Structures are given as C-alpha cells and as structure tokens.
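These notes are about the structure you will find just below.
Computed from heavy atoms alone, side chains included, the values below leave out hydrogens, waters and symmetry copies. Keep in mind that this is a model prediction, so the values were computed, not measured.
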Amino acid sequence: MCSSLLVCSKMVLSYLFGTSKVPLLLLLFLHAGGSVGHVGYPPPPLWKDVPESLDEFTSQNNKIVINPWNYIERMGMYKLLLNATAKYMTFLGPNNTGNVLWGLPLQHGWQFHTGRLADPTNTSSCGTQTGDHLCISVKSWWACINYYFAAIPFLAAIETGLFEDWPVEFEILPPGEMADDFCYTVSGCHSLIPDMMIKWKAFFEHLKRSSSKNQDTENQDQILYYMWIAHRASIVAVPKFSERLKYISGPEASFGVNWANTVEFIAATHFHTNYEETSRFQTRLPRRVLVDGDNAPYIEDLSAEENHTLVIFYWIQRINTFLGGGLLKLWRRAMCTEPGRAKGRHLLENMAMNLKFVPSGIYYVMVQLSRNQACPDH
C-alpha cells in the first residue's frame with residue numbers, strides 16, 4: 001500500500017493526526033508524565049509455591065508428570081527453564097534477574113492475577129476464587145495461547161539436552177477437553193507445530209554455544225535475537241485459537257488481539273525481557289478482565305497508564321491494518337541495526353509519557369533509520 005518509506009510515514013502521521021480522536025490521544029500523552037513502576041518488583045503470584053526441582057513434581061512409573069492446566073505446575077515449567085538456563089546468562093544480571101526468559105513466567109503470572117486464565121463461560125468453577133483457583137481453563141483464549149509459550153519451550157529444551165543431568169522422562173498431561181488443540185511430546189509437537197519447535201530449539205542451541213563466547217553486548221543482542229524469533233513463532237497460536245475469543249467480551253477480545261499485534265513491534269526492538277524491564281512494562285497492562293462497556297481511556301477503575309496503554313495498542317493495530325501491514329514492515333526494517341533497536345526501545349518506553357516522542361519519534365525511526373539500504377526486507 002506504501003510506495004515508499006516517506007510516503008508511508010506521511011500516511012501514518014496523516015492518519016494519526018487527522019482523526020477526531022487524536023486531540024484526546026495527545027492529551028493523554030501530555031498528562032501521562034513520569035516513569036511507571038519502581039525498583040524491586042514482586043515475583044509472579046505464588047512464586048514460592050512453584051516447584052523448582054523435579055523432586056517437587058508428581059512421579060509415576062519413573063516419569064515426571066506435569067499438569068500444565070494447573071497454574072502452579074505450568075509455572076513450574078517456567079521455573080525449571082529459568083534455573084536450567086541461568087548458567088548461560090550470568091553476565092546479564094545478578095541472581096538470574098537478567099535471564100531473557102523472565103518475560104514468560106511474568107506474563108503468565110499477570111494473566112493469573114488478573115483472572116484471565118479462568119473459565120470465561122462461567123459454566124465451571126475453574127480458576128474462580130470460590131472454586132479451584134489454580135485451575136487453568138482450556139476455554140480461556142489467554143491460557144491456550146500461553147500453553148504454546150510454556151510447553152513448547154520446555155519440550156524444545158528437553159530435546160536440546162538442557163536437562164541432560166536428569167535421567168528421567170516427562171509426561172505432560174492433556175486437558176479434559178479439546179485435547180487435539182495441543183501437543184504433549186517432542187515428536188508430537190514437531191508434527192503439529194514444527195516451525196515453533198525448530199525456532200525454540202535454535203534458541204537453546206545458541207545459548208549452549210554462546211556460553212564460551214565473550215559475554216558482551218553483542219552476545220546479549222544475539223541471545224535476544226534468537227529468543228524473539230522463537231517468541232514470534234509461538235504467536236502463530238493467536239489465529240489458531242481465534243474461536244476462543246467468542247467466550248470473552250468485545251473489549252477484552254480487542255485488547256487481546258491488539259496486545260498480540262503490539263508484541264510483534266516489541267519483538268523487533270529485541271526488548272530486554274529480563275525481570276526488571278518486563279515487570280516495569282507490565283505495570284501498564286490492565287489489572288482486570290475487560291467487560292462490555294469498557295471504553296479506554298474512560299475506564300474509571302483502571303489507572304491513567306493502563307487506560308493509555310489500551311489506547312496505544314488500539315492505535316498501533318488500527319494504523320497497521322490501515323496500511324495493510326505496512327507499519328510493521330517498516331518498523332522491522334528500521335529495527336535492523338542495534339542503534340535502530342535502541343531508538344525503538346526508547347520510543348516504546350517513552351511514547352506513553354511525552355508528546356515529543358509521537359511525531360518526531362515515529363518520523364525518525366521509520367524514515368531516517370529505514371534509509372539504511374543494508375537492512376533486509378522482512
């Protein structure tokens with residue numbers, strides 16, 4: 001749809017600033033002010049109760065049995081991954097806080113804390129405070145997509161030999177219904193979603209290779225590069241579970257789709273998914289499930305930052321759709337160098353806080369950096 005970078009950038013700015021909703025959007029930019037979050041973020045909910053060794057999981061017939069439809073046990077898969085990869089990322093931060101896999105359990109914890117893993121049809125007590133609050137519903141759109149960010153990395157890590165010191169087999173349990181929507185073994189997942197398995201395996205293989213390299217910024221960027229390639233591969237679960245969107249409200253479904261779209265933009269910047277950066281970013285996500293009638297930025301029981309995040313996600317998705325995917329394509333091209341990615345991270349971090357980052361920031365990233373002819377098309 002865009003004949004050139006300059007034309008497309010002008011279309012973006014014209015579309016953004018030529019609409020009736022923009023004065024309100026700009027007002028939000030002006031009043032968002034200040035940084036969000038603080039030093040010392042809490043861990044995911046019930047983190048102390050999450051298994052951190054195989055001894056804490058159920059064992060049957062010399063197999064470690066994991067039920068990923070229980071919040072504690074799915075989170076246990078993440079904790080095992082964090083512990084198994086810690087030795088490869090010691091240079092990224094103390095006490096494993098720099099591990100780039102922190103984004104996965106922290107996002108899972110946010111989903112649990114905000115009630116997004118519960119049965120959205122209200123036909124069971126799964127995930128409810130008065131029922132089995134640790135239950136993860138197979139009817140939850142969020143839970144089904146998250147499965148592909150938990151079980152697949154875990155199985156890929158097993159295949160890569162990350163747990164070779166554990167001479168045991170694993171059994172991942174299926175849900176009580178809709179079991180065909182998922183895979184549970186290395187071979188089964190290679191058959192159902194081969195690209196996803198290949199990308200996650202490539203990430204873990206790179207980790208093992210990089211342990212002997214210089215532990216510098218370039219190595220960190222390469223780790224993030226492979227991690228985000230794998231992460232993007234798991235996003236294919238979004239259309240796979242589009243039918244689950246019918247179980248949730250229109251505003252919640254819109255937010256979910258917009259969030260998944262925005263992750264593509266975040267991925268292109270090689271966002272540092274360590275403990276602190278991810279925790280700070282998540283303070284801006286809505287603290288509860290959205291319901292019919294919620295209309296950001298007018299949701300009274302959400303903070304200004306949460307309301308504004310919903311508006312930003314909405315506009316990113318709308319502009320990208322208006323341009324036939326052209327915005328994401330240009331963004332990825334602009335992010336093909338580390339200076340470009342640094343600028344992109346800076347823009348995403350600050351666009352919700354200061355008006356100057358809107359027209360000038362978008363123009364700089366999408367035009368100036370995209371003029372680098374060495375950057376491949378994506």
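Counting heavy atoms from C-beta on, the side chains of Gln222 and Ser210 never come closer than 4.5 Å. Taking the side chain as every heavy atom from C-beta outward, His206 and Arg209 approach each other to under 4.5 Å. Between Leu101 and Tyr78 the shortest side-chain heavy-atom distance does not fall below 4.5 Å. Contact check for Leu348 versus Thr269: side-chain heavy atoms found under the 4.5 Å cut-off. The closest side-chain heavy-atom distance from Phe203 to Val100 is below 4.5 Å. Between Glu276 and Thr97, every side-chain heavy-atom pair lies at or beyond the 4.5 Å cut-off.
Between His108 and Leu117 the shortest heavy-atom distance is CE1-CD1, 3.5 Å. Heavy-atom minimum distance, Asp181 versus Arg244: OD2-NH2, 2.9 Å. Taking every heavy atom of both residues into account, Ile235 and Ala260 meet most closely at CD1-O, 4.4 Å.
Looking at Tyr147, Phe112, Trp259 one by one, the single match for side chain to side chain contact (heavy atoms under 4.5 Å, CB included) with Trp142 turns out to be Trp259. Applying the side chain to side chain contact (heavy atoms under 4.5 Å, CB included) test between Arg74 and each of Leu134, Asn146, Ile66 identifies Asn146 as the sole match. Between Trp102 and the choices Trp47, Tyr41, Phe271, Phe281, the ring-ring contact (aromatic ring centres under 6.0 Å, His included) rule is met once, by Trp47.
Between Glu338 and Arg341, at least one side-chain N (NZ, or NE/NH1/NH2) sits under 4.0 Å from a carboxylate O, which counts as a salt bridge.
Proximity of a side-chain donor or acceptor of Ser125 to a complementary backbone N or O of Thr128 within less than 3.5 Å is not detected. A donor-acceptor distance shorter than 3.5 angstrom exists from the side chain of Lys79 to the backbone of Val50, with no hydrogens or angles considered. In this structure, the side chain of Lys139 does not engage the main chain of Thr123 through any donor-acceptor pair within 3.5 Å. Using modelled atom types, one side-chain atom of Glu306 and one backbone atom of Ser303 make a donor-acceptor pair closer than 3.5 Å.
One finds the CG atom of Leu224 at 6.0 Å from the OG1 atom of Thr273 (value rounded to the nearest 0.5 Å). Atom CD of residue Glu56 and atom CD1 of residue Ile72 lie 10.5 Å apart, to the nearest 0.5 angstrom.
Applying the salt bridge (Lys or Arg N to Asp or Glu O under 4.0 Å) rule to Glu264 yields the partners Arg232, Arg332; only residues at least two apart in sequence or on another chain are considered. Ser254 is linked by a side-chain hydrogen bond (donor to acceptor under 3.5 Å, both in side chains) to Asn258, counting only residues two or more places apart in sequence or in another chain. A search for salt bridge (Lys or Arg N to Asp or Glu O under 4.0 Å) contacts involving Asp294 returns Arg288, not counting sequence neighbours.
With ring centers used as reference points, His133 lies 6.0 Å or more from Tyr71. Taking the six-membered ring where the residue is Trp, the centroids of Phe313 and Phe265 are separated by 6.0 Å or more. You'll find the ring centres of Phe170 and Phe57 outside the 6.0 Å limit. Taking the ring centroids of Trp110 and His113, they lie at or beyond the 6.0 Å cut-off.
Atom CG of Asp292 has more than 12 neighbouring heavy atoms from other residues, nucleotides or ligands inside a 6.0 Å radius. When the shell of 6.0 Å around CG of Asp301 is examined, it contains more than 12 heavy atoms from other residues, nucleotides or ligands.
A tilted orientation is assigned to the rings of His231 and Trp228, their planes being inclined by 30° to 60°. Under the 30°/60° scheme for interplanar angles, the aromatic rings of Phe182 and Phe241 are found to lie parallel.
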